[in-house]
There are 2 protein chains.
Amino acid sequence: MKIGQLARKTGAERQTIRYYESLRLLDEPRRNSSGYRVYDDDAARRLMFIKRAKSIGLTLSEIRTLIEISVGKANRCEEIRSFAEDKLRDVREKISHLQTIEKALSDLKGLCESSGDDLHCPFIETLLDDCIKEN
Amino acid sequence: MKIGQLARKTGAERQTIRYYESLRLLDEPRRNSSGYRVYDDDAARRLMFIKRAKSIGLTLSEIRTLIEISVGKANRCEEIRSFAEDKLRDVREKISHLQTIEKALSDLKGLCESSGDDLHCPFIETLLDDCIKEN
DNA sequence: CTGAACCTTAAAGTATACTATAAGCTGTAT
DNA sequence: ATACAGCTTATAGTATACTTTAAGGTTCAG
Ligand SMILES: [Zn+2]
Ligand SMILES: [Zn+2]
Ligand SMILES: [Zn+2]
Ligand SMILES: [Zn+2]
């Protein structure tokens, strides 16, 4: 399988595959006599692993960590669980941060909706005034 | 007020202030005889506006939009409310995406915890296998 | 044999929001 | 006088995850 076939099979771009190789997310493939990359099904499996891992919010560097933990030998469940806990904590923090933002935004929007004063929109005024006490 | 004083007053870095100016988030200040930037309290207010707007999750380009909508004249509440609605939709989408990720991660972690098989960790196996049916 | 499709590399561009560096001018305190 | 803080500009670096470009070699159909 050359790079274009692998790309078609997995839905990744050729350049992305080379990029992942440069990040050591994919093993260096063997080369044919013309220097072209030649892949097997394990490479496709690895690439799909990366795609799925990305879809659950892992960064490429986290995915490399996961590959390093689990490649070849036994999967080191203890490390994997602690990895998952760290990531879950991150995700939950992000959610709660966004919920704070959501509340702030909808509060401001509510102020604007109930004010009726187009000259001093409380959405804008609140952002302008809350921090500096016009000294 | 020179740039250093404005920086101290608002907690922004001098370079950040110049950067915001280059993005037209801050008006070009007047210059003194040596070419130094000279600011007034309105500039400080504007800078704090940017800080607060960032704290509720707005990007610099969204903040520029908000400034363009509201600067000088009446605040155009209708546009502001539609802006807020767009942003709220974004934030809610992000939250729900993260909640999906949270569920996937904790499900995988649960699989690992209840398996006891360190040789084929279901966390890794699921990511490896779900997409390609080892053809 | 020519052109299209496919492969190679290295380097630069994209987006976001800064942060740092270089090289140099200004202002003030001692 | 001179050190030191503070100002100027333009340019490059950081992080993430690609995408694009340039310049060229390979393979195969017609
Ligand atoms: Zn309003
Ligand atoms: Zn006010
Ligand atoms: Zn496990
Ligand atoms: Zn399997």
Side-chain angles (χ1 to χ4, degrees), chain A residues 1-40 43 46-67 87 90-91 94 97-98 101, chain B residues 1-40 43 46-67 87 90-91 94 97-98 101:
Chain A
M1 194 167 24
K2 279 179 289 184
I3 198 169
Q5 291 165 277
L6 179 62
R8 254 168 269 127
K9 181 167 185 171
T10 59
E13 298 281 338
R14 288 192 307 276
Q15 309 94 291
T16 305
I17 294 171
R18 292 191 201 102
Y19 175 62
Y20 286 175
E21 180 187 327
S22 80
L23 297 180
R24 292 177 303 111
L25 293 172
L26 295 174
D27 296 332
E28 281 191 25
R30 59 189 185 80
R31 304 292 182 117
N32 71 10
S33 52
S34 322
Y36 290 13
R37 288 170 177 82
V38 176
Y39 296 97
D40 57 18
R46 171 70 67 84
L47 199 42
M48 293 313 297
F49 175 87
I50 295 168
K51 280 196 119 182
R52 294 210 86 227
K54 269 172 55 68
S55 81
I56 61 165
L58 304 187
T59 65
L60 296 184
S61 116
E62 289 166 337
I63 294 169
R64 184 167 47 212
T65 301
L66 211 47
I67 289 170
K87 191 67 196 179
D90 288 357
V91 169
K94 268 184 198 151
H97 184 223
L98 282 170
I101 284 173
Chain B
M1 195 167 24
K2 279 180 289 183
I3 197 167
Q5 290 165 277
L6 179 62
R8 253 168 271 125
K9 181 167 186 171
T10 60
E13 297 282 337
R14 289 191 308 275
Q15 308 96 292
T16 305
I17 294 171
R18 292 190 202 102
Y19 175 62
Y20 286 175
E21 180 186 327
S22 79
L23 298 181
R24 293 178 300 111
L25 292 172
L26 295 174
D27 296 332
E28 282 191 24
R30 59 189 186 80
R31 303 293 182 116
N32 71 10
S33 52
S34 323
Y36 289 14
R37 288 168 176 82
V38 176
Y39 297 97
D40 57 19
R46 171 70 67 84
L47 199 41
M48 294 311 299
F49 176 88
I50 296 169
K51 280 197 119 181
R52 295 212 84 226
K54 269 172 55 67
S55 81
I56 60 165
L58 304 188
T59 65
L60 296 185
S61 115
E62 290 166 335
I63 294 170
R64 184 167 47 214
T65 301
L66 212 48
I67 289 170
K87 190 67 195 181
D90 288 358
V91 170
K94 268 185 199 152
H97 183 223
L98 283 170
I101 284 173

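Within every chain, numbering begins at 1; the chains are lettered A, B, ... in the order of the sequence lines, protein sequences first and strands thereafter. When reading the values below, keep in mind they use all heavy atoms of this one structure, side chains included, and skip hydrogens, waters and symmetry mates.
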Check whether B:R14 reaches the backbone of B:A7 with its side chain - one donor and one acceptor, N or O, closer than 3.5 Å. no
Keeping the roles fixed (side chain from B:K51, backbone from B:A12), state whether a donor-acceptor pair exists under 3.5 Å. no
Nearest-angstrom distance from the residue atom [atom1] of [X] to [atom2] of [N]:
X     : N      : atom1 : atom2 : result
B:E21 : C:dT19 : CD    : C1'   : 17 Å
A:K51 : D:dA17 : NZ    : P     : 15 Å
A:R8  : C:dC7  : CZ    : P     : 7 Å
B:R18 : D:dT11 : CZ    : C1'   : 14 Å
A:Y39 : C:dT8  : OH    : C1'   : 12 Å
B:I17 : D:dT8  : CD1   : P     : 10 Å
A:R64 : D:dA15 : CZ    : P     : 12 Å
B:M1  : D:dG6  : CE    : P     : 16 Å

Which value, rounded to the nearest 0.5 Å, describes the distance between A:R46 atom CZ and A:L6 atom CG? 12.5 Å
Taking the minimum atom-to-atom distance to the side chain of [X], which one of [options] wins?
X     : options                : answer
B:L60 : C:dA17, D:dA17, C:dT19 : C:dA17
B:T16 : D:dC7, C:dC18, D:dG25  : C:dC18
A:Y19 : D:dT19, D:dT8, C:dC7   : D:dT19

If you define the side chain from C-beta out and look only at heavy atoms, does anything of A:T59 sit under 4.5 Å from A:R64? no
Compare side-chain N and O positions of [X] against OP1 and OP2 of [N] and report whether any pair is under 4.0 Å apart.
X     : N      : answer
B:Y20 : C:dC18 : yes
A:R14 : C:dC6  : no
B:R37 : D:dC7  : no
B:R31 : D:dT9  : yes

5'-most by nearest nucleotide on DNA chain D - A:S33 or A:Q15: A:Q15
How would you label the contact of B:L23 with the nucleic acid (heavy atoms, under 4.0 Å): base, sugar-phosphate, or nothing? nothing
Identified side chain to side chain contact (heavy atoms under 4.5 Å, CB included) partner of B:I50 from the options B:I63, B:L23, B:L58, B:L66: B:I63
hbond_proxy B:Y36 side chain to C:dG27 base (donor-acceptor, 3.5 Å cutoff): no
Comparing B:S34 and B:K54 on DNA chain C - which has the more 5′ nearest nucleotide: B:K54
